[in-house]
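Each chain gets a letter, A, B and so on, in the order the sequences are listed, and its residues count up from 1. Keep in mind that what you see is a predicted model, and the values were worked out from it rather than measured.
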Amino acid sequence: ETGVTQSPTHLIKTRGQQVTLRCSSQSGHNTVSWYQQALGQGPQFIFQYYREEENGRGNFPPRFSGLQFPNYSSELNVNALELDDSALYLCASSSSGSSYNEQFFGPGTRLTVL
Amino acid sequence: GQQLNQSPQSMFIQEGEDVSMNCTSSSIFNTWLWYKQDPGEGPVLLIALYKAGELTSNGRLTAQFGITRKDSFLNISASIPSDVGIYFCAGLPAGGTSYGKLTFGQGTILTVHP
């Protein structure tokens, strides 16, 4: 069974730039959630995708957007990067069955905004 | 928004000791999850709880879903050095609009001295 994978591992951008992060869900999972984890904090929910549509969103501005593809993989896009966007971005996948709340995380992408 | 209060913030224990940590909320949760995160990695799911009063074990780990549905507890028995890491509680608040939106605590940093 293949787990959740994310790319790239690390990324350095400058303020105002745009970034795209990628996630492949665990085999058999059709739902992907994205979280932002600042240093020393717990993950914060950004949004979730199910059947290629956004299925719930946390308190993040519209410059955070996403996509889900037919193979259930997903992208997180952030426009007009700000210094506070520096964080570990985590992707989690889950199934739509009885254990749909059990989210399995990838290793994350460390984004640094200078 | 939803807040989870996790305590203690950190623990320093000797190998072989038992560990207890808890998580409380001001509102009702439908699901409680416990994760462990190692440095540079994504959180790993340890235990999932779905019913008030439920007690579930995973090896030396035991977690309980509080009967008020506003708290959860995690116990680790006979700690070993590889238990070192950050433990997070996460919950899914009651209410139809919170589908998939896990709320995380701030984490408990566990250090185990050999």
Any side-chain heavy-atom pair of A/Y72 and A/R51 under 4.5 Å
no

Find the one option among B/P43, B/G42, B/G40, B/C89 whose heavy-atom pairs under 4.5 Å with chain A are most numerous.
B/P43

Assert yes or no for the condition that the ring centre distance of A/F45 to B/F104 is strictly below 6.0 Å.
no

Below 4.5 Å from any heavy atom of chain A, which atoms of B/Q6 appear? Answer side chain, backbone, both or neither.
neither

How about A/H29 and A/F104: are their ring centroids closer than 6.0 Å?
yes

Within a strict 4.5 Å, meaning less than it, do heavy atoms of the B/I76 and B/D18 side chains meet?
no

Give the member of A/R57, A/Q37, A/Q44 that has the highest number of heavy-atom pairs under 4.5 Å with chain B.
A/Q37

At a 4.5 Å cut-off on heavy atoms, which part of A/Y35 comes close to chain B: side chain, backbone, both, or neither?
side chain

Measure distances from A/Q6 to the heavy atoms of chain B and classify the residue's part below 4.5 Å as side chain, backbone, both or neither.
neither

Atom group of A/L88 that falls short of 4.5 Å from chain B, counting heavy atoms:
side chain

Start with the C-alpha distance between B/T62 and B/N75, add both sets of side-chain angles, then the distance that settles side chain to side chain donor-acceptor pair (under 3.5 Å), and finish with yes or no.
CA-CA 5 Å; B/T62 301; B/N75 296 311; over 6 Å; no

